[in-house]
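Worksheet: the structure to be examined is printed underneath.
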Amino acid sequence: MDKIIYMDHAATTPVSKEVLDEMLPYFCEYYGNPSSIYYLSNYSKIAIDKARERVAKAINADKNEIYFTAGGSESDNWAIKGIASKFEDKGRHIITSKIEHHAVLHACEYLEKKGYKITYLDVDEYGMISLEELEKSITEETILISIMFANNEIGTIEPVKEIGAIARKHNVLFHTDAVQAVGSLPIDVKEMNIDLLSMSAHKLYGPKGVGALYVKKGIKIDPLIHGGAQERNKRAGTENVAGIVGLGKAIELAYSNLEENTEKITKLRDYLIDSIQKKIPDVRLNGHPTNRLPGNVNMCFKYIEGESLLLSLDMHKIAASSGSACTSGSLDPSHVLLAIGLPHEIAHGSLRLSLGKDNTKEEIDFVVEKLATIVDRLRQMSPLYEKAQEGK
């Protein structure tokens with residue numbers, strides 16, 4: 001194949017044509033600052049309001065519960081630090097998990113240095129938290145539970161509704177990083193007992209650099225960014241109007257086609273998993289076998305390094321990853337894979353293939369064919385593989 005085969009949709013997605021078309025007028029034609037009072041600025045104000053309604057509708061929220069941000073990492077940081085600051089007189093204990101995105105983990109580590117106590121919940125071999133352990137971890141000092149909706153590396157979907165019910169039972173706020181879930185899974189913040197939810201546009205065929213934080217009505221949260229009265233005095237800074245318009249359109253498209261896309265992508269995912277397992281020996285599927293994101297395939301290939309695998313795939317114009325795009329420069333094995341119990345030598349051989357709505361069965365066949373050849377070649381050069389063969 002001459003074209004690039006893109007199988008890293010968990011890292012980012014291309015902006016769809018429909019989204020781009022709706023964004024374009026807000027760069028050069030309707031460019032007014034939404035905070036200005038003259039007529040030109042009204043176009044920007046109306047566009048932001050429409051996007052807020054679209055985002056709210058997608059997750060069954062009220063439009064005044066949606067605050068626009070610069071992306072998922074900011075939303076995560078704001079939810080955690082903003083609640084910690086607002087409720088520090090009530091308590092200084094936060095519960096999260098060991099497999100969260102680093103935007104959550106590093107925000108919690110920052111708060112630990114400020115005197116907060118953080119409980120990091122273990123997960124089982126599939127990446128699922130224990131609801132029993134969660135409830136036992138709650139104390140009178142607990143102010144927030146932050147558990148991701150679905151894991152960005154291994155695709156496991158957490159029991160969000162049940163987590164929210166436990167949080168509500170104990171009068172504790174519940175935040176979920178739903179960056180990977182929004183646009184891929186049905187979400188109802190009311191039914192699922194969610195108090196705060198983070199999302200990002202570029203994971204659902206929208207632009208980079210824009211996201212949103214849902215904050216349930218009545219919840220007080222301190223601003224993360226100060227300087228102006230934008231976003232109802234909660235998030236200072238001139239609004240990224242075109243980006244916000246893009247997020248609104250992208251999320252509307254995602255949920256208008258959710259059932260169709262989910263069915264197609266899930267079938268391709270299962271076909272990919274089955275094809276790899278049939279053609280390549282000594283592989284391990286990471287994450288829950290069925291309760292996982294529609295497009296996520298994360299596997300470990302024994303006796304080889306994931307980096308060599310990625311570079312070899314790239315030579316065939318196949319784009320994939322070994323885990324989170326935010327830690328792609330790290331030589332350490334994935335904290336997620338270590339948390340589910342994999343030893344370092346196996347965790348180093350991980351590959352994440354994340355499918356999107358435009359991937360095809362033909363592409364999967366091509367990828368699996370090249371992957372089998374690459375894995376065999378790399379294993380022939382591996383001392384670990386040689387020892388394993390001698391042992392057999």
Side-chain angles (χ1 to χ4, degrees), residues 10-11 69-85 87-88 91-124 126-130 133-134 137-138 141-160 163 167 172-182 194-200 203 211 213 221 224 286-287 293 296 298 321-342 344 347 350 352:
T69 68
S73 291
E74 183 193 328
S75 296
D76 284 341
N77 272 264
W78 183 15
I80 292 167
K81 295 174 183 175
I83 293 298
S85 171
F87 289 87
E88 63 180 346
R92 290 178 141 235
H93 179 227
I94 294 171
I95 300 172
T96 188
S97 83
K98 292 181 178 179
I99 64 166
E100 298 297 311
H101 189 276
H102 279 113
V104 169
L105 293 178
H106 289 172
C108 288
E109 289 167 9
Y110 167 83
L111 289 174
E112 278 187 295
K113 295 175 183 177
K114 301 292 184 181
Y116 288 80
K117 180 181 179 182
I118 312 294
T119 296
Y120 299 93
L121 298 175
D122 289 317
V123 294
D124 65 16
Y126 300 123
M128 300 284 287
I129 69 155
S130 163
E133 183 185 355
L134 168 65
S137 300
I138 297 173
E141 293 285 309
T142 308
I143 56 173
L144 180 68
I145 295 168
S146 181
I147 303 292
M148 66 194 335
F149 203 113
N151 187 265
N152 53 303
E153 293 191 31
I154 60 175
T156 297
I157 302 169
E158 299 294 341
V160 173
I163 295 169
V172 175
L173 295 178
F174 172 43
H175 163 252
T176 186
D177 173 352
V179 167
Q180 293 292 331
V182 171
I194 297 169
D195 297 308
L196 303 102
L197 179 146
S198 304
M199 68 177 74
S200 183
K203 307 293 187 179
L213 179 67
I221 184 170
L224 183 67
N286 301 313
L293 288 167
N296 178 281
N298 187 303
S321 71
S322 59
S324 172
C326 299
T327 56
S328 59
S330 173
L331 295 177
D332 295 327
S334 159
H335 71 286
V336 175
L337 298 183
L338 296 181
I340 64 174
L342 296 188
H344 279 65
S350 67
R352 183 186 69 182

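These numbers come from a predicted model, not from an experiment. We number each residue from 1, following the sequence as shown.
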Is the backbone N or O of [Y] less than 3.5 Å from a side-chain atom of [X], with the two atoms forming a donor-acceptor pair by type?
{"X": "S146", "Y": "T96", "result": "no"}
{"X": "H335", "Y": "E100", "result": "yes"}
{"X": "R352", "Y": "N152", "result": "yes"}
{"X": "K203", "Y": "A11", "result": "yes"}

What are the two closest non-hydrogen atoms of [X] and [Y], and how far apart are they?
{"X": "Q180", "Y": "A10", "value": "NE2-O, 3.0 Å"}
{"X": "G72", "Y": "V179", "value": "CA-CG2, 3.8 Å"}
{"X": "M148", "Y": "I99", "value": "SD-O, 3.3 Å"}

Checklist entry - Is there a side-chain contact (heavy atoms from CB on, under 4.5 Å) between V123 and K98 once you walk through the steps? => result CA-CA 7 Å; V123 294; K98 292 181 178 179; 5.7 Å; no
With a 4.5 Å limit on heavy-atom distance, are the side chains of [X] and [Y] in contact?
{"X": "V336", "Y": "N286", "result": "no"}
{"X": "I147", "Y": "L121", "result": "yes"}
{"X": "S73", "Y": "H102", "result": "no"}
{"X": "L196", "Y": "F174", "result": "no"}
{"X": "L173", "Y": "F87", "result": "yes"}
{"X": "D195", "Y": "L144", "result": "no"}
{"X": "M128", "Y": "P159", "result": "yes"}

Checklist entry - Would L338 and H344 count as a side-chain contact (heavy atoms from CB on, under 4.5 Å) if you check the C-alpha gap in whole Å, the side-chain angles of each, and the deciding distance to 0.1 Å? => result CA-CA 7 Å; L338 296 181; H344 279 65; 3.8 Å; yes
Checklist entry - Does the pair K81 and S85 meet the rule for a side-chain contact (heavy atoms from CB on, under 4.5 Å), with working shown? => result CA-CA 6 Å; K81 295 174 183 175; S85 171; over 6 Å; no
Item to check | Full working for side-chain contact (heavy atoms from CB on, under 4.5 Å) between L337 and I154 | outcome: CA-CA 8 Å; L337 298 183; I154 60 175; 3.8 Å; yes
Checklist entry - OH of Y126: more than 12 outside heavy atoms within 6.0 angstrom? => result no
